[in-house]
Undergrad: 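Pasting in a structure now, in structure tokens, and then I'll have a few things to ask.
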Amino acid sequence: MKQIIIMAIFLMSSSWGFTASIEVLKQEITMVAKANTSAVQNQKQVRAELDGLITQLTANQPLVTVEDWVQYAPGSWRQIWSDEADNSPQGAPPQNLEKIFQFVSPEGRAVNFGERTLGNGEKVTFALEARGNVQGNTQNTKILKAFSRSQGLVSGEFLGLMAEDILSGTLQEFQPLAAQPFPKGPINAESDLTLLFLDDDLKIGTAPNVFSGETELFILERVVSVP
């Protein structure tokens with residue numbers, strides 16, 4: 001009986017240790033990402049550090065499945081780090097890397113939000129409506145339409161409500177934006193995001209740059225509203 005009890009305690013401790021290590025790695029990844037969200041000069045060094053942590057995080061994890069996507073992907077996310085190249089047209093207003101968000105519906109419809117600052121200092125919110133589908137651990141996304149509003153992203157705004165304004169077609173806040181088709185603009189651009197990790201808190205994936213083909217890393221955290 002004593003031996004059985006000792007074994008049970010060992011198994012419980014081992015299980016707790018494994019769970020704790022996953023949570024610790026998630027926290028470390030989030031901390032590194034948030035500390036460097038806007039840093040563009042040291043992206044290679046940060047990418048190397050994040051790659052090492054992500055390798056540890058995913059070492060004992062099964063591949064992300066369609067079922068995982070259905071369970072965790074819908075909802076609102078904030079991009080906290082990426083080394084995605086800025087493919088904006090020359091002269092485009094600069095993007096605020098601290099304010100990139102995404103809303104995903106259970107049906108795979110999505111809206112990507114970003115804030116840019118015009119030359120006169122005015123902040124504008126741009127939005128891209130997209131359609132996605134998942135096969136295995138790959139999420140394909142195609143940009144369909146572009147929208148904008150003459151206001152930046154405000155702390156406390158619910159991303160789901162902003163997305164509903166676009167997805168429902170009510171367009172009380174956002175207005176259609178004339179945007180060119182890819183490669184001169186975003187319309188019809190497609191990308192395949194390979195999901196490396198996905199749970200209720202964190203989404204991590206890589207995708208080839210649509211111009212260079214270079215693999216870029218994307219890390220997003222769960223949010224409900226604009227921080």
Side-chain angles (χ1 to χ4, degrees), residues 22 25-26 29-30 33-34 37 43 47 50-51 53-88 95 97 99-114 126-147 159-160 162-164 166-168 179 181-183 185-224:
I22 293 295
L25 285 165
K26 286 170 56 180
I29 290 168
T30 300
K34 285 186 172 182
T37 302
Q43 283 186 339
R47 172 68 183 270
L50 289 169
D51 280 344
L53 292 169
I54 293 167
T55 297
Q56 294 179 62
L57 177 68
T58 58
N60 296 307
Q61 295 290 306
L63 291 177
V64 176
T65 64
V66 174
E67 290 74 21
D68 292 329
W69 190 96
V70 171
Q71 180 176 358
Y72 297 119
S76 302
W77 299 88
R78 177 196 173 202
Q79 181 175 295
I80 55 176
W81 195 84
S82 177
D83 54 355
E84 180 182 20
D86 186 355
N87 296 316
S88 303
Q95 186 174 35
L97 297 178
K99 291 189 175 182
I100 299 176
F101 300 91
Q102 180 184 85
F103 176 83
V104 181
S105 77
E107 300 78 28
R109 302 179 70 193
V111 182
N112 297 325
F113 297 99
F126 290 94
L128 296 174
E129 180 182 348
R131 181 182 67 243
N133 63 78
V134 180
Q135 293 185 352
N137 68 326
T138 300
Q139 172 186 302
N140 173 267
T141 302
K142 182 176 182 179
I143 303 299
L144 303 178
K145 300 176 184 177
F147 302 84
L159 293 157
M162 289 196 297
E164 180 65 17
I166 291 172
L167 296 177
S168 68
F182 182 81
I187 305 304
N188 295 327
E190 289 191 65
S191 64
D192 288 324
L193 180 72
T194 300
L195 292 165
L196 305 177
F197 183 86
L198 177 64
D199 68 1
D200 196 49
D201 306 311
L202 200 62
K203 177 163 64 173
I204 302 173
T206 58
N209 183 278
V210 292
F211 289 101
S212 68
E214 185 172 349
T215 300
E216 298 167 332
L217 177 66
F218 298 84
I219 301 176
L220 299 94
E221 69 169 355
R222 174 81 67 187
V223 295
V224 175

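Excluded from the calculations below are hydrogen atoms, water molecules and symmetry mates; all remaining heavy atoms, backbone and side chain alike, are included. Throughout, numbering of the chain's residues begins at 1 and tracks the sequence.
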Undergrad: Could you grab the distance from atom CD of Glu84 to atom CD of Gln43, nearest 0.5 Å is fine?
TA: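 Answer for the CD-CD pair, Glu84 versus Gln43, is 10.0 Å.
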Undergrad: Return the minimal non-hydrogen interatomic distance between Asp86 and Ser88, and the atom names on each side.
TA: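 Closest approach of Asp86 to Ser88, heavy atoms only: OD1-OG, 2.6 Å.
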Undergrad: Just by modelled atom types, is the Ala33 backbone N or O under 3.5 Å from a matching donor or acceptor in the Thr37 side chain?
TA: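 Yes.
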Undergrad: Please list, chain by chain and in numerical order, all residues satisfying side-chain contact (heavy atoms from CB on, under 4.5 Å) with Asp200, sequence neighbours excluded.
TA: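 For Asp200, the residues satisfying side-chain contact (heavy atoms from CB on, under 4.5 Å) (neighbours in sequence not counted) are Tyr72, Arg222.
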Undergrad: Ile100 versus Gln95: any side-chain heavy-atom pair under 4.5 Å?
TA: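 Yes. Closest side-chain heavy atoms under 4.5 Å.
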Undergrad: To the nearest 0.5 Å, what is the distance between CG on Leu128 and CD on Gln102?
TA: 11.0 Å
Undergrad: For a 4.5 angstrom cut-off between non-hydrogen side-chain atoms, does Val70 reach Val134?
TA: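 Val70 vs Val134: side chains apart.
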Undergrad: Closest approach of Pro208 and Gly213, non-hydrogen atoms and distance?
TA: CB-O, 3.6 Å
Undergrad: Quick one: which residue pairs count as a side chain to side chain donor-acceptor pair (under 3.5 Å) with a foot in residues 73-82, not counting sequence neighbours?
TA: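 Listed by first then second residue: Arg78-Glu98.
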Undergrad: Can you measure from OG1 (Thr30) to CG (Leu202) and round to the nearest 0.5 angstrom?
TA: 5.0 Å
Undergrad: Would a 4.5 Å heavy-atom cut-off, applied to side chains only, mark Ile29 and Leu50 as touching?
TA: yes
Undergrad: Sequence neighbours left out, what passes side-chain contact (heavy atoms from CB on, under 4.5 Å) with Lys145? Give chain and number order.
TA: Glu129, Phe147
Undergrad: Taking all non-hydrogen atoms of both residues, which atom of Pro106 and which atom of Pro74 are closest, and how far apart?
TA: CA-CG, 3.8 Å
Undergrad: Once rounded to the nearest 0.5 Å, what's the spacing between atom CG of Asn188 and atom CD1 of Ile143?
TA: 9.5 Å
Undergrad: By the ring-ring contact (aromatic ring centres under 6.0 Å, His included) test, which pairs, at least two apart or in different chains, include something from residues 188-218?
TA: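 Output for this query lists Phe182-Phe211.
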Undergrad: Identify the two heavy atoms, one from Val104 and one from Ala73, that lie closest to each other, and give their separation to 0.1 Å.
TA: CB-O, 3.8 Å
Undergrad: Quick check for you: to the nearest 0.5 Å, what is the distance between Leu195 atom CG and Lys203 atom NZ?
TA: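 Between Leu195 CG and Lys203 NZ, I get 7.0 Å after rounding to 0.5 Å.
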Undergrad: Can a donor-acceptor pair be found, under 3.5 Å and without considering hydrogens, that links the side chain of Thr65 to the backbone of Asp68?
TA: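 Yes.
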Undergrad: Applying salt bridge (charged side-chain N to carboxylate O under 4.0 Å, His left out), name anything that partners Asp192, two or more places apart in sequence or on another chain.
TA: none
Undergrad: Check step by step if side chain to side chain contact (heavy atoms under 4.5 Å, CB included) holds for Leu217 and Ile204.
TA: CA-CA 8 Å; Leu217 177 66; Ile204 302 173; 3.9 Å; yes
Undergrad: Any idea which heavy atoms bring Ala163 and Phe103 closest together, and the distance?
TA: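 Minimum heavy-atom contact is CB-CD2, 3.4 Å.
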Undergrad: Check the pair Thr194 / Asn137 against side chain to side chain contact (heavy atoms under 4.5 Å, CB included), numbers first and verdict last.
TA: CA-CA 6 Å; Thr194 300; Asn137 68 326; 3.6 Å; yes
Undergrad: Could you walk me through whether Leu57 and Ile22 pass the side chain to side chain contact (heavy atoms under 4.5 Å, CB included) test, one step at a time?
TA: CA-CA 6 Å; Leu57 177 68; Ile22 293 295; 4.0 Å; yes
Undergrad: Please name the pair of heavy atoms, one in Trp69 and one in Gly108, separated by the smallest distance, quoted to 0.1 Å.
TA: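 Here Trp69 and Gly108 meet closest at CH2-CA, 3.9 Å.
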Undergrad: Set out, in order, the CA-CA distance, both residues' side-chain angles and the distance that settles side chain to side chain contact (heavy atoms under 4.5 Å, CB included) for Thr141 and Leu193, then state yes or no.
TA: CA-CA 8 Å; Thr141 302; Leu193 180 72; 5.9 Å; no
Undergrad: Does CD in Glu214 sit with more than 12 non-hydrogen atoms of other residues, nucleotides or ligands closer than 6.0 Å?
TA: no
Undergrad: With side chains defined as the heavy atoms from C-beta onward, is the minimum distance between Asn87 and Asn209 less than 4.5 Å?
TA: yes
Undergrad: Under the side-chain hydrogen bond (donor to acceptor under 3.5 Å, both in side chains) test, which residues partner Gln135, sequence neighbours left out?
TA: none
Undergrad: Ignoring hydrogens and geometry, is there a side-chain-to-backbone donor-acceptor pair from Arg47 to Asp83 under 3.5 Å?
TA: no
Undergrad: Working to the nearest 0.5 Å, report the span between CE of Met162 and CG of Leu167.
TA: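 Reported to 0.5 Å precision, the distance equals 11.5 Å.
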